[in-house]
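Keep in mind the model is a prediction, meaning the values are calculated, not measured.
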Amino acid sequence: MKLRLLMIAILYIAMLTDGFGILSVNSNLLLDLRLFVSSGEFHELIAAQVSEGLSSYLWFHGLDYLFIVLFYPFLRSLVLKAAMGGRLSIVGGWAAVLAGLFDLIENVGVDWALLSYPRLPSWIATMVPIATLLKFLGILVALIIVLLALPKRLSRTLE
């Protein structure tokens, strides 16, 4: 668990620092962090990413795929440990799993758009923002459940 947390932290720092300064990624162009994007904005952001350097964004998503594999199982495990069974652990566990699935859908959609530019399938510009919103909603639900369950978990630990 500690090793996984360390790996998640390293990956997150790598993404925040554009691969420790190796990648040329403009974080203002990332779709992964935007909750609401219109179809027109989606096309503009993809065009800007392609013009700035397609390979950097694809490498960045490579880091993000590793993050998905490590973070969401960790989040699920955190929810299950904090909630200690019952409905909250079921809801929170599934919220973490679905958030990971939507993050994966988001990344595949963005990569598909980057690789098929300028011929972008219109449905991708609709699917990716929805997946992004659902990803953040799943993370939020899981974290709220952890926060709601912590006092109960701590009181049982102290007894």
Side-chain angles (χ1 to χ4, degrees), residues 1-82 90-147:
M1 180 88 124
K2 289 179 185 179
L3 178 61
R4 181 178 291 217
L5 187 57
L6 177 65
M7 291 172 63
I8 290 168
I10 290 170
L11 275 171
Y12 192 71
I13 291 168
M15 290 190 303
L16 285 177
T17 60
D18 301 329
F20 301 112
I22 297 170
L23 302 175
S24 176
V25 174
N26 181 346
S27 61
N28 293 324
L29 300 178
L30 293 175
L31 289 150
D32 308 61
L33 306 174
R34 295 172 179 256
L35 287 180
F36 303 104
V37 176
S38 70
S39 179
E41 287 174 301
F42 180 87
H43 289 281
E44 289 171 13
L45 291 167
I46 292 295
Q49 288 180 23
V50 169
S51 71
E52 283 200 6
L54 175 64
S55 63
S56 287
Y57 289 95
L58 293 175
W59 275 105
F60 180 84
H61 270 171
L63 292 174
D64 202 11
Y65 287 119
L66 288 173
F67 184 78
I68 290 169
V69 168
L70 293 171
F71 176 71
Y72 293 102
F74 172 77
L75 181 59
R76 181 179 180 275
S77 143
L78 186 65
V79 168
L80 296 178
K81 283 187 181 193
I90 293 169
V91 171
W94 275 107
V97 168
L98 291 173
L101 178 64
F102 287 121
D103 199 353
L104 181 64
I105 290 168
E106 167 197 78
N107 285 357
V108 169
V110 169
D111 290 344
W112 189 338
L114 288 169
L115 292 170
S116 63
Y117 182 82
R119 290 187 224 134
L120 301 177
S122 60
W123 58 270
I124 287 182
T126 302
M127 179 199 65
V128 168
I130 291 170
T132 302
L133 184 61
L134 292 173
K135 168 187 76 173
F136 282 118
L137 182 62
I139 292 169
L140 182 64
V141 167
L143 291 177
I144 286 172
I145 288 173
V146 168
L147 291 174

- Message: Run S55 and L58 through side-chain contact (heavy atoms from CB on, under 4.5 Å) and show every step you take.
- Response: CA-CA 5 Å; S55 63; L58 293 175; 5.6 Å; no
- Separation between CG (D103) and OH (Y65), nearest 0.5 Å, reads 9.0 Å
- Query: Do the side chain of Y72 and the main chain of I139 share a donor and acceptor less than 3.5 angstrom apart?
  - Reply: no
- Got a second to check how far I105's CD1 is from L101's CG, nearest 0.5 Å? 4.0 Å
- Mind checking the CG-CG spacing from L35 to L137? Nearest 0.5 Å is all I need. 10.0 Å
- Message: Can you give me the closest heavy-atom contact between S51 and A48, atom names plus distance?
- Response: OG-O, 3.0 Å
- Note on the structure: Smallest heavy-atom separation, S56 atom then V25 atom, equals O-CG2, 3.7 Å
- Task: Spell out, as yes or no, whether a donor-acceptor pair under 3.5 Å connects the side chain of R34 to the backbone of L29.
- Result: no
- Query: Are M7 and L66 side-chain neighbours, meaning at least one heavy-atom pair lies under 4.5 Å?
  - Reply: no
- What distance separates L115 CG from L120 CG, expressed to the nearest 0.5 Å? 11.0 Å
- Query: If you look at every heavy atom in S39 and A125, which pair is closest and at what distance?
  - Reply: OG-CB, 3.6 Å
- Could you tell me the separation between the CZ atom of F60 and the OG atom of S27, rounded to the nearest 0.5 Å? 8.5 Å
- Message: With heavy-atom distances below 4.5 Å as the criterion, would you say the side chains of I130 and M127 are in contact?
- Response: no
- Message: Is there a side-chain contact between T132 and F136 in this structure, where contact means two heavy atoms from C-beta onward sitting under 4.5 Å apart?
- Response: yes
- Tightest non-hydrogen contact, residues G109 and I124, listed as O-CG2, 3.5 Å
- Message: Please verify the inter-ring angle class for F74 with F71; under 30° counts as parallel, over 60° as perpendicular, anything in between as tilted.
- Response: tilted
- Item | Sole residue of L114, L45, N107 in side-chain contact (heavy atoms from CB on, under 4.5 Å) with L31 | L45
- Less than 4.5 Å apart, any side-chain heavy atom of V91 and any of V79? no
- Test log, rule side-chain contact (heavy atoms from CB on, under 4.5 Å), inputs H61 and D64: CA-CA 5 Å; H61 270 171; D64 202 11; 4.2 Å; yes
- Message: When you compare the side chain of Y57 with that of E52, does any pair of heavy atoms fall below 4.5 Å?
- Response: yes
- Non-hydrogen atoms of R119 and P121 that approach each other most closely: O-CD, 3.5 Å
- Item | K135 NZ to L104 CG distance, which is reported to the nearest 0.5 Å | 11.5 Å
